[in-house]
Number of protein chains: 2
Amino acid sequence: MTSLPSGRRAPRGSLSAAATRRVERPAPLRQAVYDALLELIINRTLAPGQHLVEAELAEYLGVSRQPVREALQRLQTDGWVDLRPAQGAFVHTPTEEEADQLLAVRSVLETYSAKLAAEHATAADVKLLRKLQKAGEEALGTANVERLVKANADLHAAVAAIGRNKVLSEMIGLVDRRVRWYYTPIARPRSRDSWNEHAELVTAIADGDAERAGEVMHRHAEQTRQTYHDRKSPESSTKSD
Amino acid sequence: MTSLPSGRRAPRGSLSAAATRRVERPAPLRQAVYDALLELIINRTLAPGQHLVEAELAEYLGVSRQPVREALQRLQTDGWVDLRPAQGAFVHTPTEEEADQLLAVRSVLETYSAKLAAEHATAADVKLLRKLQKAGEEALGTANVERLVKANADLHAAVAAIGRNKVLSEMIGLVDRRVRWYYTPIARPRSRDSWNEHAELVTAIADGDAERAGEVMHRHAEQTRQTYHDRKSPESSTKSD
DNA sequence: ATACAGCTTTTCGTATGCAAAAAGCACTTC
DNA sequence: GAAGTGCTTTTTGCATACGAAAAGCTGTAT
C-alpha cells in the first residue's frame, strides 16, 4: 500500500516532516526509576540519611537491581544521595553550609540567566512569561504550597530557556531543584514579595533591559537566601503563614 | 563447562595486545573505568562522534560490561558522551554554540569564584597562589603545552578552593575540564597575556579586593572566550602570540 | 558486667545470561 | 539497474548469579 503521490503536487519530502517527529521511544527503565526515586526523595517519603537498599527498592518498584543501581548512581552525581563504597546509598542530608552555597551559586547563575533573557526575549517569550506570572499570582490565592512552588519553578525555568544557553539552563535546573528541596519544607513565607519581584523581573525582561533584569534577579535570589537564613536563627519559625 | 576460574579472568586483548590497559583492582571499578575512559576521550584516542561499544571497551580494559555501563552513564551526565537509547554511547561532539555557552557559564562562575577567593584568602592561600603562578611562568618558558594547560587548571582550581564554596568548586571543575577539552587542541596563542592576567588576579586576591578580583577574572575569562572565537575566523588576527 | 573475638548475616560489587531493538546485508522484484 | 523487503547480525537493556566486604550478633573470658 505504497500509494505515494509521485506525480501530483506532492512535495518530494513528504516523509521528512514525519521523520523529524521521533516515534515513541521505549523509555529506558533507569530513567523511570530515577524519576520515581527522585520523587520519593523530594516528597520526603525517603528521609534524609535513610539507607537505601537496592534489593528493597527493586522489589518495591517491580524491577531488578540493575536499573535501580544505575538510577542511584545518577542520583549521586546530581547530589541527591551519597553512595558510600561497599555500603550502599543514603539519602543525602543537606547541611546548613551546603544549602547556603547552593543558594549562592543559584544567585549567580540566575542573575546571568536573567540578563541573557532580557537580551534574547521575543514577543512570544514575554507573552509566556506574563502567562506564568499570572498563573503564579493565581496560585498565590489558593494557598496551595505545592502549586506555588511549581509555578515558581516554571517561571524560573522559562527565563532560563529564553536565555538560549542550554548549558546554563541545565545547570540552573539541577541547582534549583535541590534548592527547592531544602527550601520547600519551610517555604511558607515570602510568597507575596516573591511574586512582586517576579513581576518586576518580567517587566525588565520585556523592556530588554539586561542590566536591570540582572539586578532584579540578583536581589530576588539574595532575598530568598536571606529568608532561608532568617528562618534558622530566630525562634519565630512559626510566624503567621 | 563450569570450569571457569572463580577469580579474575585474563583479558584476550584485541585492541591492544601489547599493553593491556587494566584498571586498578581494589578501588571501585566504575570509578577507575570512568577515569580511564575520560582520559581516552580527552586525549582524543576516542574521537568525537565515535561509537563506543560496551563489549569492546570492557575487553580492552579487562573488566566486564557492567562497570563500563556505569561509567558511560556518568560520562553522559557530565557531558562527555551522548547515550542514545537502545543504540549506545557516542563520544560527544562539541558544537561551536555549545563551546561558547560553556565559556560563558565558565566566565560567570569563575568571576564569582574570584570574588569569594578575595574575601576568604589567608596568607597561606596567597602563598600557594604565588607558587602556582610561578610554576605557570616557568611552564611558559618550556613551551610545553600540556604542562601549561595543567598549570592553568591548577591555578583556577586553587582559586575556586580558596572561595570555600564546594558546590561552586565542583561545578567549575566540570565546566573547566570540558572547556579545556575544546580549547586545548587550539591552545597555542595567548599564553603570555593569560599569565599576566593571572598575576594581576593573584594580586587582587592578595589585597582582598573582591571587586577588583572579580573584574580581573571576568576580563580574563572573556578574553579567553574571545580568543576562542578569533581562532575560527583565522586570518583576522595577525597578532604575534 | 563489659569488652573482645569469631562467626553469621546482610548487602554491595562484579560477572554472566538472555531477550528485544536497531542496524546492516542480501535477496527479490519491477 | 534501482528500490523495496525480509532476514541476519550486532548491540543494547534488563535480569540473575556469585563472590567479597562490611555490619551485626553471640558467646566467652576477664
Side-chain angles (χ1 to χ4, degrees), chain A residues 1-7 10 12-15 19 22-37 46 49-76 81-91, chain B residues 1-12 14-15 22-37 46 49-77 81-91:
Chain A
M1 302 284 267
T2 54
S3 57
L4 287 173
S6 49
R12 56 174 183 80
S14 61
L15 281 180
R22 282 280 155 82
V23 204
E24 277 189 34
R25 283 282 184 191
L29 208 46
R30 56 172 181 263
Q31 180 61 38
V33 172
Y34 176 92
D35 293 338
L37 290 181
L46 301 176
Q50 183 173 342
H51 185 193
L52 303 180
V53 179
E54 293 176 1
E56 286 179 16
L57 297 176
E59 190 179 16
Y60 176 64
L61 296 172
V63 300
S64 78
R65 274 179 56 206
Q66 172 90 2
V68 172
R69 272 183 72 81
E70 293 175 352
L72 285 176
Q73 292 183 21
R74 198 176 137 211
L75 283 170
Q76 180 191 33
V81 307
D82 300 316
L83 222 47
R84 308 229 283 269
Q87 216 232 328
F90 296 78
V91 179
Chain B
M1 300 285 202
T2 53
S3 59
L4 287 171
S6 59
R8 315 284 169 251
R9 70 179 189 82
R12 302 170 304 156
S14 78
L15 274 177
R22 302 205 69 168
V23 290
E24 295 179 34
R25 254 308 173 187
L29 215 44
R30 57 173 178 265
Q31 180 61 38
V33 172
Y34 176 92
D35 293 337
L37 291 181
L46 300 176
Q50 183 172 343
H51 186 193
L52 303 180
V53 179
E54 294 176 1
E56 284 180 20
L57 297 176
E59 192 177 16
Y60 178 59
L61 296 172
V63 299
S64 78
R65 275 179 55 208
Q66 173 86 6
V68 172
R69 273 181 71 80
E70 294 176 351
L72 285 176
Q73 292 185 20
R74 198 175 137 211
L75 283 170
Q76 180 190 35
T77 71
V81 307
D82 299 318
L83 220 48
R84 307 227 280 270
Q87 210 204 335
F90 296 78
V91 179

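Computed from a predicted model, the values in this text were never measured in an experiment. Below, chains carry the letters A, B, ... as their sequence lines are ordered, and counting in each starts from 1.
- Residue B:Arg84 contributes atom CZ, which lies 13 Å from atom P of C:dA22 at whole-angstrom precision.
- Distance A:His51 NE2 to D:dA23 P: 10 Å, rounded to the nearest Å.
- What separates CD of B:Glu54 from C1' of C:dT16 is a distance of 14 Å, to the nearest Å.
- Atom CG in B:Leu72 sits about 14 Å away from atom P in D:dT11, given to the nearest Å.
- Within 4.0 Å of A:Leu52, counting heavy atoms only, lie sugar-phosphate atoms of the nucleic acid but no base atom.
- When all heavy atoms of B:Leu72 and B:Glu54 are compared, the closest pair comes out as CD1-CG, 4.0 Å.
- A:Ala71 and A:Tyr34 make their closest contact through CB-N, 3.7 Å (heavy atoms, listed as atom of the first residue, atom of the second, distance).
- Distance from the side chain of B:Ala86 is smallest for C:dA21 among the nucleotides C:dT14, D:dA22, C:dA21.
- Taking only side-chain atoms of A:Leu29, from C-beta outward, the nucleotide of D:dA15, C:dG13, D:dT12 with the closest atom is D:dA15.
- Following rounding to the nearest Å, A:Leu83 (CG) and C:dT11 (P) show an atom-to-atom distance of 15 Å.
- Between A:His51 and A:Gly88, the shortest heavy-atom contact is NE2-CA, 4.2 Å.
- Rounded to 10 degrees, the angle separating the terminal helix axes of the helix from C:dA1-D:dT30 to C:dC30-D:dG1, each built from five base pairs, is 0°.
- For the residue pair B:Leu83 and B:Ala89, the shortest heavy atom distance occurs at CD1-CB, 3.2 Å.
- When rounded to the nearest whole Å, the span between CD of B:Gln31 and C1' of C:dC12 equals 17 Å.
- Distances from the side chain of B:Arg30 to the nucleotides C:dT11, C:dT14, D:dT12 place C:dT14 closest.
- Taking CG from A:Asp82 and CD from A:Gln87, the interatomic distance works out to 11.0 Å, rounded to the nearest 0.5 Å.
- Summarising the local packing, CD of A:Gln31 is surrounded by more than 12 heavy atoms from other residues, nucleotides or ligands at distances under 6.0 Å.
- In this structure, CG on B:Leu52 lies 8.5 Å from CG on B:Leu75, to the nearest 0.5 angstrom.
- Residues of residues 56-66 of chain A having a heavy atom closer than 4.0 Å to DNA chain C, listed by number: A:Arg65.
- With distances taken from any side-chain atom of B:Gln87 to the nucleotides C:dA22, C:dT14, D:dA23, the minimum falls on C:dA22.
- Between C:dG13 and A:Arg69, a contact under 4.0 Å exists linking OP1 or OP2 to a side-chain N or O.
- The side-chain contact (heavy atoms from CB on, under 4.5 Å) test with A:Arg30 is passed by exactly one of A:Arg69, A:Gln73, A:Glu70, A:Arg74: A:Glu70.
- Between A:Leu37 and A:Leu61, the closest side-chain pair of non-hydrogen atoms falls below 4.5 Å.
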